Number of protein chains: 2
Amino acid sequence: MKLSEGVEAAIHCATLLAQLEEGRTMPASALAEYHGLSPSYLLKHLKTLAAAGILESVSGPHGGYRLARSAEAVTLLDVVLAIEGPKPAFRCAEIRQRGPGALEPQAYAQPCGINIAMLRAEQAYRAELRKTRLSDVISNYEATADPRSIAFGCAFVDRNQRPQG
Amino acid sequence: MKLSEGVEAAIHCATLLAQLEEGRTMPASALAEYHGLSPSYLLKHLKTLAAAGILESVSGPHGGYRLARSAEAVTLLDVVLAIEGPKPAFRCAEIRQRGPGALEPQAYAQPCGINIAMLRAEQAYRAELRKTRLSDVISNYEATADPRSIAFGCAFVDRNQRPQG
DNA sequence: GCTACAGTACTCGGATAACCGCTGTCCGAGTCCAACGGG
DNA sequence: CCCGTTGGACTCGGACAGCGGTTATCCGAGTACTGTAGC
């Protein structure tokens, strides 16, 4: 079990985007520079987030990305599902229906108990991720990070945010 | 996020192994036949489970695999961690320490809030998996499965289990 | 008839190729600004 | 001086290679049975 590397980048970017002023946007190149990542690759994930309705994109010279809704309305689960896809991590291949002891398909109306247990665990995982909103991440960041980091972030946002599109 | 295909096979095999009599073993070839899987590939995962201390292996003509401890003492988490590895699904690459605003490493004594949230969710996932024991899976199976499947399983176990090694 | 031995067949164990998805990258479509020329 | 037009530059969007990891497989090491030969 392993999550895509892009999940971390996506969350960081969403966090930064949440800090710019209402209606403003920030281009992918600025986000990549701020996080020290490859612009080309980051763009791929930003595109995915936009397709999922978490970000909005604005084209043109003063374009860029911004949150499609408030930071309180975006959970970590939203971001993870957008990048990783909605399919559960455990995909039951219905092994029980294979082999020499297999019966007709109608005999397997009851779902596989293993699948149920695995999906229940994943529901717990998702429920926990759903509890954390983007705004919570920001609050925690502002409360614990080095003041110099916060100041740099604010300055960077002021410098790179684009006017209302 | 996706789990290895082998997790499902591993759980099914462990479940079947839990049903044979005390001290008996069952060869990988029988497990593969019962589940309609490739013997070569299944052996790989059984080996992994044995290395993790969940199964015990016995070599020789009457050899095979058996549970290393009781079905009550094996949780789904044990099996998943054995196959997938103990590392968390979310691996923080410390993106916050990259980019032009990075500070000296000492400034990042506090762990990354994003990482904390992701790990907390994974702890919930593992806690849920830890609740389900192999014996629970068997109980559920015997309570819900088609009687013919259960009878076939019992007959198969009787036919393929090897004497105490 | 009993025992010791060698051969054999069966098991697991580790090392080795093939496929798939994430990683990383590029160029094209669309959009807004700005400069320029005309009125 | 003001306005329309045109050119340019900047943005996102989708399509294209490269690589690591899981999948799938094979042959070798070890062990217990079995048949045989000797006592």
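Each chain gets a letter, A, B and so on, in the order the sequences are listed, and its residues count up from 1. Predicted, not measured: the structure shown is a model, and the values here were computed from it.
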(request) Heavy atoms only: give me the nearest B/Arg91-A/Glu8 pair and the separation to one decimal. (result) O-OE1, 3.6 Å
(message) Whether the A/Asp136 and A/Ser139 side chains hold a donor-acceptor pair (N or O, under 3.5 Å, no angle test) is what I'd like checked.
(response) no
(message) To check you understand the geometry: which heavy-atom pair defines the closest contact between B/Arg133 and B/Glu72, and what is its length?
(response) CD-O, 2.6 Å
(message) In this structure, how many angstroms lie between the P atom of C/dG14 and the CG atom of B/Leu49, rounded?
(response) 14 Å
(request) For B/Ile83 and D/dA24, give me the distance from atom CD1 to atom C1', rounded to whole Å. (result) 15 Å
(request) Round to a whole Å and report the spacing from CG of B/Leu42 to C1' of C/dG13. (result) 14 Å
(request) Please figure out whether A/Ser38 or B/Lys2 has its closest DNA chain C nucleotide nearer the 5' end. (result) B/Lys2
(request) Quick one: closest heavy-atom pair of A/Ala68 and A/Glu56, and the distance? (result) CB-CG, 3.7 Å
(message) Please identify which of these residues, B/Leu129, B/Leu49, B/Leu55, meets the side chain to side chain contact (heavy atoms under 4.5 Å, CB included) condition with B/Val79.
(response) B/Leu49
(message) So if I define the base as every atom that isn't primed, P, OP1 or OP2, how would nucleotides 11-18 of chain D read as a B/S/- string at a heavy-atom cutoff under 4.0 Å?
(response) SSBB----
(request) Ignoring backbone atoms, test whether B/Tyr41 places a side-chain nitrogen or oxygen under 4.0 Å from the OP1 or OP2 oxygen of D/dT23. (result) yes
(message) Using 30° and 60° as the class boundaries, would you call the ring planes of B/Tyr34 and B/Phe156 parallel, tilted or perpendicular?
(response) tilted
(message) Check for me, please, whether A/Ile116 and B/Leu3 land in the same ILVMFWY cluster - side-chain distances under 4.5 Å, paths through other members count.
(response) no
(request) Mind calculating the distance between CG (A/Leu37) and C1' (C/dT25) to the nearest angstrom? (result) 15 Å
(request) Mind running a 4.0 Å heavy-atom check of residues 4-21 of chain A against DNA chain C and sending the residues that fall below it, in number order? (result) A/Ser4, A/Glu5, A/Gly6
(message) Expressed as a whole number of angstroms, how long is the span from A/Leu3:CG to C/dG21:P?
(response) 17 Å
(request) Please indicate whether A/Glu22 has more than 12 foreign heavy atoms, meaning atoms of other residues, nucleotides or ligands, lying under 6.0 Å from its CD. (result) no
